[in-house]
Amino acid sequence: PPQAAVAQGVREWRREVSKWRSIDSAPKDGTQLILFGDGPGFTSCTFIGYFGKRGGYPEDELGWREIGHSWLARPNHWLPLPDPPADGAP
């Protein structure tokens with residue numbers, strides 16, 4: 001049944017979540033990641049982000065940025081994003 005596959009996927013994802021990696025080992029090629037750390041107005045928070053510049057701002061400095069806000073953040077750990085659903089469903 002589909003629910004069993006979803007439950008298995010959640011169990012596998014939870015095992016991966018427990019394997020936080022040091023930010024020093026994170027890819028710096030613009031890949032979106034699950035990040036944990038600090039930023040403007042928040043501390044000890046989990047967020048989706050990437051290493052790079054804001055789109056359309058070539059003068060910006062390279063750094064860790066939160067998706068949706070593009071401000072510089074200070075993550076200290078990361079995880080890869082899980083794969084999307086195989087059937088494309090949300």
Q: If you look at every heavy atom in Lys19 and Leu79, which pair is closest and at what distance?
A: O-CD2, 3.5 Å
Q: How would you list, by chain and number, every residue that makes a ring pair (Phe, Tyr, Trp, His ring centres under 6.0 Å) with Phe51, sequence neighbours excluded?
A: Trp64
Q: List, one per line, each side-chain donor-acceptor pair under 3.5 Å for residues 33-47, sequence neighbours excluded.
A:
{"from": "Asp38", "atom 1": "OD1", "to": "Ser44", "atom 2": "N", "distance (Å)": "2.8"}

Q: Between Glu66 and Ile48, is the side chain to side chain contact (heavy atoms under 4.5 Å, CB included) condition met? List the steps.
A: CA-CA 6 Å; Glu66 180 185 11; Ile48 307 297; over 6 Å; no
Q: Considering all heavy atoms of both residues, which atom of Gln32 and which atom of Leu81 are nearest to each other, and what is their separation?
A: O-CD1, 3.6 Å
Q: So Ile23 and His77, side chain to side chain contact (heavy atoms under 4.5 Å, CB included) or not? Walk me through it.
A: CA-CA 5 Å; Ile23 200 65; His77 289 82; over 6 Å; no
Q: Are any side-chain N or O atoms of Arg65 and backbone N or O atoms of Gly49, one a donor and one an acceptor, separated by less than 3.5 Å?
A: no
Q: The criterion is side-chain hydrogen bond (donor to acceptor under 3.5 Å, both in side chains); which residues satisfy it with Ser22, sequence neighbours excluded?
A: none
Q: Tell me, please, which residues at least two apart from Asp29 pass side-chain contact (heavy atoms from CB on, under 4.5 Å).
A: Pro27, Thr31
Q: Passes side chain to side chain contact (heavy atoms under 4.5 Å, CB included), Leu72 versus Glu61? Steps please.
A: CA-CA 9 Å; Leu72 290 173; Glu61 63 183 288; 3.6 Å; yes
